[in-house]
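Below is one structure, written out as structure tokens; the observations come after it.
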Amino acid sequence: MCGIVGYLGARPATPVLVEGLLRLEYRGYDSAGVAVLRAGKIAVTKTAGRVRDLRDKLTDDPATVGIAHTRWATHGEPSDRNAHPHLDADLRIAVVHNGIIENAEQLRAQLTAEGVEFASETDTEALAHLIARQDAATLEDAVRAALRGVEGTYGLVVLDRARPGELVVARNGSPIVLGIGDGEMFIASDVAALVHHTQQVVFLDDGELATVTAAGFRTSTLEARLTNKTPTTVDLAADDYELGGHTDFMRKEMAEQPEAIARALRGRLDERFATAHLGGLGLDPMALRAVKRVKFLGCGSAYYAGQMGATLVEELARIPADAEPASEFRYRNPVVDPDALYVAVSQSGETLDTLAAVQELRRKGGRVIGAVNVVGSAIARECGSGLFLHAGPEVSVASTKALTNMTVSFAMLALLLGRVRDLSASAGQRIVTGLRALPGHVERVLADDADIARIAKRFAHAEHMFFLGRVRGWPVAREGAQKLKEISYVHAEAYQSAELKHGPLALVDANMPSVVIVPADDLLAKNLATIEQVKARGGPVIAITNAELPSGLADEVIRVPRGEPELDPILLTIPLQLLAYHTASALGRDIDKPRNLAKSVTVE
Ligand code: F6R
């Protein structure tokens with residue numbers, strides 16, 4: 001999604017801004033732009049396309065104040081004129097904005113009636129005109145007054161030609177973070193753009209504004225009440241956002257999974273009582289026992305991780321559990337169960353649909369915790385308590401290590417819920433041991449890379465693929481299909497194995513390979529029958545399994561180590577990441593920047 005960078009200090013601003021935009025590229029965008037204040041005038045450079053295209057258009061510039069943006073089109077096509085920054089008619093105010101102004105049509109009509117001519121089709125341009133038209137003593141007051149008439153979400157930065165020493169930022173629903181330097185200040189929509197300059201940051205809250213100068217900042221609310229924020233230190237290093245010798249971030253992050261799992265487990269497993277310690281939940285044993293139902297809410301892969309979590313909770317704690325796309329939940333006037341524990345699942349902590357589901361739950365008095373990877377993110381803060389995922393920064397649009405750490409965290413949650421109920425100590429111990437073995441098991445799957453690459457190449461020509469699984473294997477199949485679609489653009493459909501015969505089997509022929517998830521559990525015979533059904537129609541089969549299969553049954557077999565059956569989904573998902581990755585690379589796709597997608601989806 002869109003990215004924002006701002007700078008004020010003693011250095012030339014342009015290189016800092018461009019470097020910041022390059023670090024936000026991973027979020028997905030279609031155009032980029034920069035505005036700097038030079039000799040009392042705002043100089044704007046914009047382009048549809050990549051940040052490197054923007055860089056080619058820029059010249060050396062001594063300006064020391066500026067704002068920059070990468071845009072992911074919502075109002076108006078991706079084009080030079082719709083790219084941010086946007087200016088008012090007198091070229092006095094420049095604005096970069098993330099989010100969506102919901103009453104943009106109304107504001108544009110009103111401003112047009114007052115004689116304003118719009119230079120773009122965007123909602124953001126209305127903000128520039130509105131701010132410029134305020135009769136206010138300070139830029140902050142002008143922004144505050146303009147925002148009173150604005151509905152929707154925003155993270156924005158405003159540059160005023162008349163006030164060269166300051167920038168004003170505001171936040172409602174789209175993140176804004178200030179980075180504190182020595183005699184210089186940085187602004188961004190994501191700490192990724194800041195951590196190579198400073199680790200001292202201030203996250204703005206919704207409804208907050210800040211006036212930023214090279215010497216510091218002052219935060220206040222939309223109602224002009226000072227908020228006196230103090231900086232926090234982010235525990236992230238610049239090289240978390242570097243490729244470190246890998247060809248792309250997806251590959252790097254898949255390789256980081258053993259380490260990421262170990263981090264998620266550290267200090268949380270208790271051998272003595274065969275349980276997990278999850279202090280961040282803020283639930284004592286009585287509260288845990290009072291939970292009558294668990295519901296996971298997330299979008300995309302986070303929803304599939306939630307589905308794996310629901311299976312784990314039902315199996316280990318015997319509490320009814322399910323998962324639902326947060327985007328559906330928020331719109332269907334959900335019945336909120338006061339005895340349920342709701343878990344909002346999100347790598348970024350910014351996904352708007354998930355955030356809206358959390359807000360709906362809180363409004364109705366539901367108990368909701370977050371399972372979030374980004375500390376200080378909107379969902380983490382809205383929930384207040386939960387499970388921190390400890391996956392480390394995830395840059396690749398296709399989620400891998402964050403998804404794995406979601407499922408590992410849900411296994412610990414299920415273990416804890418089970419052990420305050422009737423899960424026996426020996427069963428609990430079995431899960432503790434199984435979790436401890438996971439990093440090593442994932443290592444072994446990753447070592448199978450060359451063989452999985454060969455299999456991917458063999459089937460990369462297929463236009464369509466089935467991913468089949470049942471019960472524990474069903475969310476695994478869904479996640480496998482999702483990974484393949486998003487980075488290789490091969491059409492993939494996930495189906496519950498037993499449902500195949502009720503319709504989709506008609507599609508199976510020699511050109512329709514099926515990836516079948518075959519855990520070595522008590523449904524093994526059923527899954528072998530699924531393979532037989534597909535083979536009988538001439539369909540090629542790739543089996544993902546930790547069982548011994550009859551020889552020659554599947555065309556290709558990808559084996560994973562055998563662990564505790566309840567944890568199988570975690571491990572069975574890993575080869576599907578590699579399969580998608582190698583299919584995409586055989587097809588020459590831009591793996592870290594899949595078309596039409598963004599890393600965090602902060603719009604509806
Ligand atoms: C798939 C993927 C997306 C995200 C989804 C939710 O690989 O990355 O489907 O899982 O957009 O994002 P978060 O977890 O940030 O809420």
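Each ligand, and each atom within it, is numbered from 1 in the order the structure gives. Fair warning: this is a prediction, and the values are worked out from it, not measured in the lab.
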Quiz item: Against heavy atoms of A302, which atoms of ligand 1 measure under 4.0 Å?
Solution: 10 (O), 14 (O)
Quiz item: Does ligand 1 have an atom under 4.0 Å from some heavy atom of K483?
Solution: yes
Quiz item: With atoms numbered from 1 as shown, which atoms in ligand 1 lie under 4.0 angstrom from a non-hydrogen atom of A398?
Solution: 7 (O)
Practice problem: For ligand 1, indicate whether the residue E486 contacts it via side chain, backbone, both or neither (heavy-atom separation under 4.0 Å). | Solution: side chain
Quiz item: Is I379 in contact with ligand 1, taking contact as a heavy-atom separation below 4.0 Å?
Solution: no
Quiz item: Does the ring centre of F296 sit less than 6.0 Å away from the ring centre of F410?
Solution: yes
Quiz item: Near S346, which atoms of ligand 1 are under 4.0 Å from a heavy atom of that residue?
Solution: 13 (P), 14 (O), 15 (O), 16 (O)
Self-check item: Proximity of N373 to ligand 1 by residue part, where a heavy atom lies under 4.0 Å
Solution: neither
Quiz item: How would you list, by chain and number, every residue that makes a side-chain hydrogen bond (donor to acceptor under 3.5 Å, both in side chains) with R332, sequence neighbours excluded?
Solution: E324
Practice problem: List the steps and the verdict of side chain to side chain contact (heavy atoms under 4.5 Å, CB included) for L413 and L417. | Solution: CA-CA 6 Å; L413 176 65; L417 287 166; 4.0 Å; yes
Quiz item: Quick one: nearest non-hydrogen protein atom to atom 14 (O) of ligand 1, plus distance?
Solution: Q347 N, 2.6 Å
Quiz prompt | Contact atoms of ligand 1, heavy-atom distance to Q482 under 4.0 Å | solution = 1 (C), 9 (O)
Quiz item: Among S301, P594, A371, A580, which residue places a heavy atom closest to atom 10 (O) of ligand 1?
Solution: S301
Exercise. Please could you name the atoms of ligand 1 that S348 approaches to less than 4.0 Å, counting only its heavy atoms?
Key: 13 (P), 15 (O), 16 (O)
Quiz prompt | Ligand-side contact atoms (ligand 1) for residue partner V397, heavy atom cut-off under 4.0 Å | solution = 2 (C), 7 (O), 8 (O)
